[in-house]
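This is a predicted model, so every value here is computed, not measured. In what follows, chains are A, B, ... by sequence order, proteins preceding strands, each numbered from 1.
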Amino acid sequence: MNKIKCECGHINPEGTVLCEACGKPIEGNQHIDGNEKHKLLNMRYDGTARRSQTYNKSIIDRIWSFFSSVKVGVWLIVLALVASMIGTILPQQIYIPEDAVSRDPAIFYEDRYGIFGLIYYQLGFHNLYSSWWYMILIALIGISLVICSLDRFVPLYKALKRQNAKRHETFLNRQRLYSETEEVSAQDIETVQKNLKKARYNVRNDNGHILAEKGRFSRWGPYVNHIGLIIILLAAILRLTPIMYTDEYIWVREGERTVIPGTEGDYYIENKDFIMETHNENDERFQQAIQEEGVVPSNFQTDIVIYKAKDAEVPGAAPELQPILEDSIQMNKPAKFDKYTLYQSGYQVNEFHNMSFYIHETDDEDETALGSFTIDLTDPESEYELDNGFRIVIDQYYPDYYLDDNGTPASETDYPRNPAFVMMVYPPDSDSAEISFLGIGRNIDATGENQYKLGIEDFEMRDVSGLTLRVDYTLTYFVIGAAIFMIGVIQGMYWQHRRIWIHPKGNGLLLAAHTNKNWFGISKDIEKSIENTSIKMVEDQQELD
Amino acid sequence: MDLLNISSTMLYSAFILYLIATLFFGATIRQEKSERRKKTKAGTIGITLTIIGFIAQLVYLITRWIASGHAPVSNMFEFMTFLGMCMVLGFIILYFYYKLTFLGLFALPISMIVIAYASMFPTEISPLVPSLQSHWLYIHVTTVALGQGILFVSFAAGIMYLIRQIDQTVRNKRNIWLEAIIYTMFLFVGFIVITSVFNLMDYNATFEGQQGNEIAEYHLPAIAGPMGGTLVTEDVMEPWFETPSWMQGVDAGRKFNSVIWSFFAGSILYGIVRLVTRKRIGAKLQPLLKSVKPDLLDEIMYRSVTIGFPIFTLGGLIFASIWAQIAWGRFWGWDPKEVWALVTWLFYAAFLHLRLSRGWHGEKSAWLAVAGFGIIMFNLIVVNLVLAGLHSYA
Ligand code: HEM
């Protein structure tokens, strides 16, 4: 390596812009930090040698330089920003509204947004945030973060540790805040030092060359916050693995007890009650709003019991269930057991539970029941035998009946929200059946010649709770990452690294100062410190361009 | 007097106090250059009035909180008002760092526009839906708004920088852009003026759909009627045309109509001002700022981003995620509102990185500061009213 010896005697590594010891600009290297055309020195990294600026031969060097460039970093950030915006123009697939004609993206986007929607869908923007290219973009930001931090942190750390109080004259007069005083008394220099110490500067005096420094630790802020960001990105990668993250959705009906998916059969849940409450329309605080906007729900709640399954003594037998938790899950108040968390996420009120029917003669005005039967709508049997010899065969069952586009009966979902049946009624000792179509508010006799008619006697309804089960081991890492990020930004933003140099010259002195931000603050510090001395206030030599 | 009355009186008083404070800050223009850094009477009175106004607004907030039983940050009116208050707070904080009275002359009127804009939305107290019933609602919202309020100061300083520095002697791209930004502010004022006028007249036009159900109620004369609606109110203006069908969502017609009116009213106001001044408004304002040092503005602009950015991150991303985790079991869901918080955050991150390099101080920074606040307002207005996701307001 070609080390560079400065006139002060210090030996600098290749690529150094300002001598690590005295700060004198090193000839031939000024272009690295763009100093040639400017009066002021670029103090960003104190002119230290950075790998990215020094070596540019091998492929690795080039990749390294590419990713450590702030320009590239900013471009990546801007690309991520623009991509994120695009994803909000139309709803993402998971947010296709309930009232859509179809939740199938191939249909929905074109149907609702025309040709623009079709293109949006075909470009894959309906799942933009999980697309390969978006992920790659985020990954590139991550790589860039690691490399740029490594590239700068080590040299900057060394440079700040090594700096001398004694600095070269050119180093001082090419700082943004600078002044030259011809005549100063020793007394005045004493006063300044005392004042700076009072302002909590760390003052070093090397034969009259003074360096007052404060808040150096704030320089590490960006590196700390970048580490936080890297942890967050790593956590996000971990979260893609099923071991670290489980996500299940279950519907549980009132009164029902069922195994919880995603718990490997270890846990069962019973839904004791689903409660939905609304804000009181007579509450005078909210009266007007409710009148205008309609009823507003105030609570969604599921009262549950969680059971732990103990392996049955006999293999194959039903497991023994032991209640371990009784809880009410509400919005913003999930239930926790073992490593699992259960959230109130959806509901379906008044789902049909069971329906009972009776049979009577078609021309009987009084509809005297000849017999009756009850169908459990979640588990209908295929055939019902009545005491008096009638036999009913369920030919078709539509739990959630509607007429599709072709006018044929179909079921919209598998949930008994609007049950309808095609039933075959076999009178006693008969082999030929009469066909009836039955549903809520429908009772159709297909042939018009039926002797017997079915009627709905009664039905029971119940609510269904939609619950989300989550296990997320990555949360801790996200929390750690976020905390480190916050510490880093606060460290870097709310403190500043301020340095003031005094360089004796003849009977007078040179005074210069640098800070990484808040020039107003450091000027005030200097103003206060030189009060009542003959030292001249620094001038701002900034070139706003 | 009941609490709600006290509350709205206090909000009103705060608004008036800010207005008077602005006038006092305006009076500091006459100051000699040499006195600029010294305390002046007008400046002191100005900041005192601002603080009293802020306290009045705080009383508004507290009384409304007590009256409704929840923090008043849950609908468009409440949130925008709160943001306006945070913008004033942001100004007060930076005033105490830099003692620049001119900042008040720009920051306060813009905050007032935001507060006035807020009160164009329904002001009645609305009950909270279950997902909003959490302490995290106010922890999250207050931190976000505080961050945004401080970031707003960088917008104010940025605008001042542009007005101060951009060459107005010949028409060029830069001063046209600046004029466009000023014109946008006029649109907001136009909206406020026209809405207030028709509110005072109690204007109402109701539309019914095909089934005879009410589908829209307009408080401004309908230029664009709702899709498939028939006007049923008598003696009011017939709509000129129907809102195009690709505009989706609740009340698309009414919102589109308000936008049209804002353009009308805003353009007329702007036109009048142009006629009176006979200059670009930027050019007219430029001499006011002659005595302010541009690098001080540059510093305020940057400093407010460095103060606001961590607060915004904490409120808009971290607290938001914690709440989403508790309420929905997922801390991040790519909901439009969330994405736009991320966009805002990335934008200011880019801003901070650009400031690290040469050539991005001064004017370029100023444009960025203006654009950044543009993104914040976009998130509040367009995303809330048009792209609305889970956080749908109003
Ligand atoms: C979303 C991603 C990022 C965020 C939120 C972020 C945040 C920050 C913040 C807050 C600072 C402190 C700025 C200041 O003190 O004025 C900073 C500094 C910095 N960032 Fe980033 N950063 C991100 C990505 C990147 C990337 C991809 C690069 C890669 C080139 C990068 C390179 C740097 C550098 C070189 C510094 C200056 C360090 C110093 O002054 O010593 N950042 N970053």
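More than 12 heavy atoms of other residues, nucleotides or ligands sit less than 6.0 Å from atom CD of B:Glu217. Summarising the local packing, NE2 of A:His31 is surrounded by more than 12 heavy atoms from other residues, nucleotides or ligands at distances under 6.0 Å. Sparse packing is recorded around OH of A:Tyr477, with 12 or fewer heavy atoms of other residues, nucleotides or ligands lying under 6.0 Å away.
Put simply, OG1 on B:Thr313 and CD1 on A:Ile490 are 9.0 Å apart, with the number rounded to the nearest 0.5 Å. If you take CE on A:Met331 and OG on B:Ser131, they are separated by 5.0 Å, rounding to the nearest 0.5 Å. Once rounded to the nearest 0.5 Å, the distance linking CZ of A:Phe478 with CH2 of B:Trp332 reads 11.5 Å. Annotation: the span from A:Leu79 atom CG to B:Leu346 atom CG amounts to 11.0 Å, rounded to 0.5 Å. The structure places CD1 of A:Ile290 at 11.0 Å from CD of B:Glu124, a figure rounded to the nearest 0.5 Å. Taken from CG in A:Leu475 to CZ in B:Phe331, the straight-line distance is 6.0 Å, to the nearest 0.5 Å.
Taking chain B as the reference chain and counting heavy-atom pairs below 4.5 Å, the highest number among A:Val70, A:Val489, A:Ile77 is found for A:Ile77. Ranking B:Thr344, B:Leu356, B:Ile125 against chain A, the residue ahead of the rest is B:Leu356, based on heavy-atom pairs under 4.5 Å. Residue with the most contacts toward chain A among B:Leu317, B:Leu128, B:Leu4, B:Leu354: B:Leu128 (heavy-atom pairs, distance under 4.5 Å). Between chain B and the residues A:Ser298, A:Ser345, A:Ala482, the most heavy-atom pairs under 4.5 angstrom are made by A:Ser298. The residue among A:Glu277, A:Gln92, A:Lys517 with the most heavy atom pairs within less than 4.5 Å of chain B is A:Lys517.
Looking at B:Gln133, the atoms closer than 4.5 Å to chain A (heavy atoms on both sides) sit in the backbone and in the side chain alike. Contacts between A:Met486 and chain B at a heavy-atom distance below 4.5 Å involve the side chain alone, from C-beta outward. Both the backbone and the side chain of B:Leu314 come within less than 4.5 Å of a heavy atom in chain A. A:Asn299 touches chain B through its backbone: at least one of N, CA, C or O sits under 4.5 Å from a heavy atom, while the side chain does not. Residue A:Tyr494 touches chain B through its side chain alone, counting heavy-atom pairs closer than 4.5 Å. Residue contact with chain A, scored on non-hydrogen atoms closer than 4.5 Å, is absent for B:Trp136. When heavy atoms are compared at a cutoff of 4.5 Å, B:Ser357 does not approach chain A at all. Contacts between A:Leu229 and chain B at a heavy-atom distance below 4.5 Å involve the side chain alone, from C-beta outward. Of the two parts of B:Gln325, the backbone and the side chain both hold a non-hydrogen atom closer than 4.5 Å to a non-hydrogen atom of chain A. At a 4.5 Å heavy-atom cutoff, the contact between A:Arg44 and chain B is made by side-chain atoms alone. With a 4.5 angstrom heavy-atom cutoff, A:Asp247 does not touch chain B via any of its atoms. For A:Leu469, no part lies under 4.5 angstrom from a heavy atom of chain B. Within the 4.5 angstrom heavy-atom criterion, no atom of A:Asn280 approaches chain B.
Among all heavy-atom pairs drawn from A:Ser84 and B:Leu342, the shortest one is OG-CD2, 4.1 Å. Considering all non-hydrogen atoms of both residues, B:Tyr97 and A:Phe520 come closest at O-CE2, 3.2 Å. Heavy atoms only, all atoms of each residue included: B:Ala327 and A:Asn332 are closest at CB-OD1, 3.3 Å. Between B:Leu352 and A:Met493, the closest heavy-atom pair is CD1-CE, 3.3 Å. The two atoms that bring B:Ile326 and A:Tyr343 nearest to each other are O-CE2, 3.5 Å, heavy atoms only. Here the closest non-hydrogen pair linking B:Pro336 and A:Thr88 is CA-CG2, 3.9 Å.
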Task: Check against side chain to side chain contact (heavy atoms under 4.5 Å, CB included), A:Asp540 and B:Asp295 - done: CA-CA 10 Å; A:Asp540 192 341; B:Asp295 48 350; 3.5 Å; yes
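Ring orientation note: the planes of A:Phe485 and B:Phe309 are nearly perpendicular, at an angle over 60° on the 30°/60° scale. Between A:Phe286 and B:His70, the angle of the ring planes stays under 30°, which puts this pair in the parallel group of the 30/60° scheme.
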